[in-house]
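So you know, we letter chains A, B, ... as the sequences are listed, proteins then strands, and number each from 1.
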There are 2 protein chains.
Amino acid sequence: MATIYEVSALAGVSLSSVSRVLNDHEHVSKKTKEKVVAAMNELNYRPNTIARSLASNRSNSVGVLVSELHGPFFGAMLSSVELELRKAGKHAVITAGHSDEESEINGLDFLIDRKCDALILLVDAISDDYLIKLSKGNTPFVILNRNISEISDHCFYLDNELGGYLAAKYLIEQGHKEIAYISGPLTKQDSTERLTGHKKALAEANISFKESLLYEGDYLTKSGRDGINYLIKHKTTFTAVACSNDEMASGAMRGARDHKWLIPEQCSFIGFDNAFFTEYLYPQLTTINFPVNDMAKMSTQWILKNVYKQKELDIINMFIPELIERQSVKKN
Amino acid sequence: MATIYEVSALAGVSLSSVSRVLNDHEHVSKKTKEKVVAAMNELNYRPNTIARSLASNRSNSVGVLVSELHGPFFGAMLSSVELELRKAGKHAVITAGHSDEESEINGLDFLIDRKCDALILLVDAISDDYLIKLSKGNTPFVILNRNISEISDHCFYLDNELGGYLAAKYLIEQGHKEIAYISGPLTKQDSTERLTGHKKALAEANISFKESLLYEGDYLTKSGRDGINYLIKHKTTFTAVACSNDEMASGAMRGARDHKWLIPEQCSFIGFDNAFFTEYLYPQLTTINFPVNDMAKMSTQWILKNVYKQKELDIINMFIPELIERQSVKKN
DNA sequence: ATTCAATATGGAAGCGCTTCCAGTTTATTT
DNA sequence: AAATAAACTGGAAGCGCTTCCATATTGAAT
């Protein structure tokens with residue numbers, strides 16, 4: 001593997017000059033540049049990224065840390081973020097945290113140690129305090145799907161409360177009064193916010209919120225099914241169930257069907273996120289849209305602006321959910 | 001940020017000694033080791049991974065290149081690979097190739113330039129020749145879901161033909177004779193192999209394969225729906241449809257339902273992969289299991305054995321698909 | 001022609017670590 | 001106690017690049 005040294009020898013110029021053309025510096029004469037480029041081609045030269053990082057303390061790459069690598073929401077977000085970075089000519093270095101504080105911090109250190117120019121974090125186990133402290137460090141970062149007020153300009157998030165509100169309001173407008181709710185883990189910010197929105201809509205319609213109609217799931221498909229079974233076992237009655245994400249809604253529908261319920265005739269369902277598969281469920285799932293791509297795009301714009309000083313762009317931190325009306329809710 | 005130099009000064013030993021304890025070398029006295037560790041703790045020392053890579057030409061990380069970051073199959077594989085590596089104390093550096101040859105090669109170079117100790121490749125745009133040439137280079141790698149005979153010991157793949165065969169055979173056993181087939185892109189190895197297996201089962205049962213009942217999809221959900229529409233538009237008749245993956249099966253069911261067909265009463269469906277969501281479709285999808293986790297585990301074992309010389313393990317390159325019987329196929 | 005600034009180039013130090021070699025100390029054997 | 005091997009330690013070069021500083025060259029302005 002040829003080095004910058006061999007290139008300089010072949011081109012008959014100094015190391016510094018080669019380095020300059022490599023980095024697109026100003027103040028390099030056309031002639032030297034041509035000589036160097038020719039030499040590079042002849043030697044099939046490829047710069048050693050590691051050496052560059054060590055000497056310059058930069059890497060031209062952005063670290064992405066996600067709590068999970070799979071699942072419709074994380075998958076879509078990951079994919080979208082990577083695509084946006086790629087468009088901007090930056091490489092994404094992706095790693096996973098598994099929603100475990102130690103692993104997440106470990107992943108964070110890994111990316112920082114690798115001298116990523118910036119980080120994109122989609123994590124939930126690392127504490128607010130830790131992130132606030134991190135913001136005083138040298139590696140700039142943004143946080144997705146989470147709002148920490150002390151550093152909210154680094155955060156990109158959905159108006160979850162509005163989303164929860166919209167879902168419940170729609171069910172109420174369709175004539176439902178007894179509405180069960182399957183939430184995500186109530187230790188997580190987005191879960192509690194969505195539930196708050198739900199309650200707000202009920203209150204506005206003078207419907208009292210019943211604890212007995214609440215089941216705390218974990219955002220995974222299975223817990224939707226568990227939720228339905230729990231509600232049925234406890235002999236609660238309801239005509240609709242709102243779920244804190246689409247996967248649980250899908251699980252809940254499966255659970256309802258195990259009990260021979262007709263959907264939506266006997267029970268309506270509404271999800272959250274508008275994951276790609278919701279359109280392919282039967283019946284097609286009515287849900288709340290989470291503008292994943294917009295958020296991904298905005299977060300990379302923040303980085304291009306603040307880290308790479310590329311463009312002067314307006315940054316929006318909060319995104320607005322919207323109702324997607326399909327066929328899983330019937331008029332009551 | 002403290003360096004090895006400061007540690008050596010504080011501990012009163014040489015740079016080399018510090019490096020030795022850092023790398024768990026033999027021949028370091030207990031006393032020196034203790035002094036060094038104490039100094040490291042006091043200074044809150046964190047090794048600079050970049051510098052280590054430059055000096056040693058290693059990185060203690062494994063590069064993972066996938067064509068897509070999302071989707072049930074890629075997501076599951078990615079997640080599983082990462083988990084196995086993590087268990088083995090290796091870090092995964094993940095990047096995406098977007099099924100485009102230039103991007104994939106670009107991603108490959110990125111990982112090689114970053115001195116990954118080994119690579120795990122789940123790509124389909126890079127040519128066999130390129131990979132064969134790559135196998136003569138310095139970075140060891142394995143290839144998932146693809147078999148290149150010249151380097152088949154680096155390859156981990158499913159017996160796709162058997163899978164296709166199993167699916168068709170099951171449909172035939174259930175009394176189906178007119179079976180439509182929605183394939184993946186026929187430029188891809190797995191697609192054609194699955195189709196070959198399908199044809200083989202038909203032939204064994206003396207059922208002739210009709211070109212008119214074949215639709216070439218692209219493995220995405222939408223193309224399953226398109227396939228059904230195409231088949232209906234061309235006035236073909238069939239009582240079952242076999243799909244080359246679960247997403248297309250899900251799309252096909254949706255398409256059938258758009259035409260008010262009852263599933264499985266009027267038409268049976270079978271998928272491929274046994275993606276997590278198939279259990280939550282309605283009706284639950286009968287499909288062929290792809291042992292994603294086993295493959296992921298085996299590929300990291302190959303790396304632990306061949307690159308990190310950790311264990312002496314048996315390596316299996318070909319995996320066996322199995323029928324998962326659920327409710328989307330009825331007796332005819 | 002002379003001056004001065006702008007532009008272009010080379011030299012050399014240094015980024016933080018690994019690793020080879022040589023030298024020193026300790027333990028083991030006779 | 002001497003001889004030998006084994007265990008341990010330090011010095012120094014070097015991984016491939018960037019970047020600061022100093023010097024050389026060019027061109028424009030007087």
Side-chain angles (χ1 to χ4, degrees), chain A residues 1-40 43-61 109-110 112-117 138-139 308, chain B residues 1-40 43-61 109-110 112-117 138-139 308:
Chain A
M1 196 91 288
T3 72
I4 209 183
Y5 181 83
E6 297 164 45
V7 173
S8 83
L10 181 57
V13 299
S14 71
L15 283 185
S16 332
S17 292
V18 178
S19 175
R20 275 184 210 105
V21 344
L22 203 55
N23 292 286
D24 253 331
H25 265 255
E26 45 189 0
H27 303 322
V28 224
S29 72
K30 212 175 155 191
K31 216 168 63 187
T32 350
K33 187 167 179 178
E34 279 165 2
K35 281 194 292 186
V36 170
V37 170
M40 284 178 169
L43 293 171
N44 207 348
Y45 170 75
R46 265 170 57 182
N48 180 319
T49 27
I50 300 279
R52 298 180 81 172
S53 294
L54 179 60
S56 70
N57 229 20
R58 284 182 265 100
S59 69
N60 208 41
S61 70
D109 288 344
F110 176 80
I112 293 172
D113 286 348
R114 256 155 186 83
K115 299 285 177 275
C116 289
D117 299 334
N138 295 319
T139 310
Y308 297 112
Chain B
M1 196 89 286
T3 71
I4 208 183
Y5 181 83
E6 297 163 45
V7 173
S8 82
L10 181 59
V13 299
S14 71
L15 284 184
S16 332
S17 293
V18 178
S19 175
R20 277 186 208 102
V21 344
L22 201 55
N23 292 285
D24 252 331
H25 266 256
E26 46 189 359
H27 304 324
V28 224
S29 72
K30 210 176 157 190
K31 217 169 63 187
T32 348
K33 187 167 177 176
E34 278 165 3
K35 281 193 292 184
V36 171
V37 170
M40 283 180 172
L43 294 171
N44 206 349
Y45 170 75
R46 265 171 55 182
N48 179 321
T49 27
I50 300 279
R52 298 180 82 172
S53 295
L54 181 61
S56 69
N57 228 20
R58 285 183 264 96
S59 70
N60 209 38
S61 70
D109 287 343
F110 176 81
I112 294 173
D113 286 348
R114 259 160 184 79
K115 300 283 176 279
C116 290
D117 299 335
N138 296 319
T139 311
Y308 296 112

Within the pair [X] and [N], is there a side-chain N or O less than 4.0 Å away from OP1 or OP2?
{"X": "B/S17", "N": "D/dG10", "result": "yes"}
{"X": "A/R52", "N": "D/dT19", "result": "no"}
{"X": "A/S14", "N": "C/dG10", "result": "yes"}
{"X": "B/S19", "N": "C/dT18", "result": "yes"}
{"X": "A/S56", "N": "D/dT19", "result": "no"}
{"X": "B/N48", "N": "C/dC15", "result": "no"}
{"X": "A/R58", "N": "C/dC15", "result": "no"}
{"X": "A/T32", "N": "C/dA8", "result": "no"}
{"X": "A/Y45", "N": "D/dC17", "result": "yes"}

Which value, rounded to the nearest 0.5 Å, describes the distance between [X] atom [atom1] and [Y] atom [atom2]?
{"X": "A/Y45", "Y": "A/I4", "atom1": "OH", "atom2": "CD1", "answer": "5.0 Å"}
{"X": "B/D109", "Y": "A/R46", "atom1": "CG", "atom2": "CZ", "answer": "4.0 Å"}
{"X": "A/R114", "Y": "A/I50", "atom1": "CZ", "atom2": "CD1", "answer": "7.5 Å"}

Looking at B/S19 and B/L15, would you say the former's side chain and the latter's main chain have a donor-acceptor pair under 3.5 Å?
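Answer holds: no.
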
So, does B/S8 use its side chain to make a donor-acceptor pair with the main chain of B/V18 at under 3.5 Å?
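Checking the backbone N and O of B/V18 against the side chain of B/S8, no donor-acceptor pair under 3.5 Å is found.
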
Both A/S16 and B/G12 contact DNA chain D. Taking the nearest nucleotide for each, which residue is further toward the 5' end?
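It is B/G12, whose closest nucleotide lies nearer the 5' terminus.
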
Closest approach to the side chain of A/S29, judged atom by atom: which nucleotide of C/dG10, C/dT9, D/dC17 is it?
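Selected nucleotide (nearest to the side chain): C/dT9.
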
Closest to the A/N23 side chain: D/dT18, D/dT9, C/dG16?
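Shortest atom-to-atom distance from the side chain points to D/dT18.
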
Over all strands shown, is B/N57 touching base, sugar-phosphate only, or nothing at heavy-atom distances under 4.0 angstrom?
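Touches nothing.
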
Within the 4.0 Å heavy-atom criterion, would you say A/V18 contacts the bases, only the backbone, or no part of the nucleic acid?
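Counting heavy atoms under 4.0 Å across all strands, no contact is made by A/V18.
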
For the base of D/dG16, is there a side-chain donor-acceptor partner from A/R46 under 3.5 Å away?
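Per atom types, no contact qualifies.
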
Round to the nearest Å and state the distance from [X] atom [atom1] to [N] atom [atom2].
{"X": "A/K115", "N": "C/dC17", "atom1": "NZ", "atom2": "P", "answer": "9 Å"}
{"X": "A/L43", "N": "D/dC17", "atom1": "CG", "atom2": "P", "answer": "12 Å"}
{"X": "A/N60", "N": "D/dC17", "atom1": "CG", "atom2": "C1'", "answer": "15 Å"}
{"X": "A/R114", "N": "C/dG16", "atom1": "CZ", "atom2": "C1'", "answer": "15 Å"}
{"X": "B/I50", "N": "C/dC17", "atom1": "CD1", "atom2": "P", "answer": "12 Å"}
{"X": "B/I4", "N": "C/dG14", "atom1": "CD1", "atom2": "P", "answer": "18 Å"}
{"X": "A/K30", "N": "C/dT7", "atom1": "NZ", "atom2": "C1'", "answer": "16 Å"}
{"X": "A/H27", "N": "C/dA6", "atom1": "NE2", "atom2": "P", "answer": "10 Å"}

Apply the test side-chain contact (heavy atoms from CB on, under 4.5 Å) to residues A/K115 and A/N60: give CA-CA distance (whole Å), side-chain angles for both, the deciding distance (0.1 Å), then the verdict.
CA-CA 9 Å; A/K115 299 285 177 275; A/N60 208 41; over 6 Å; no

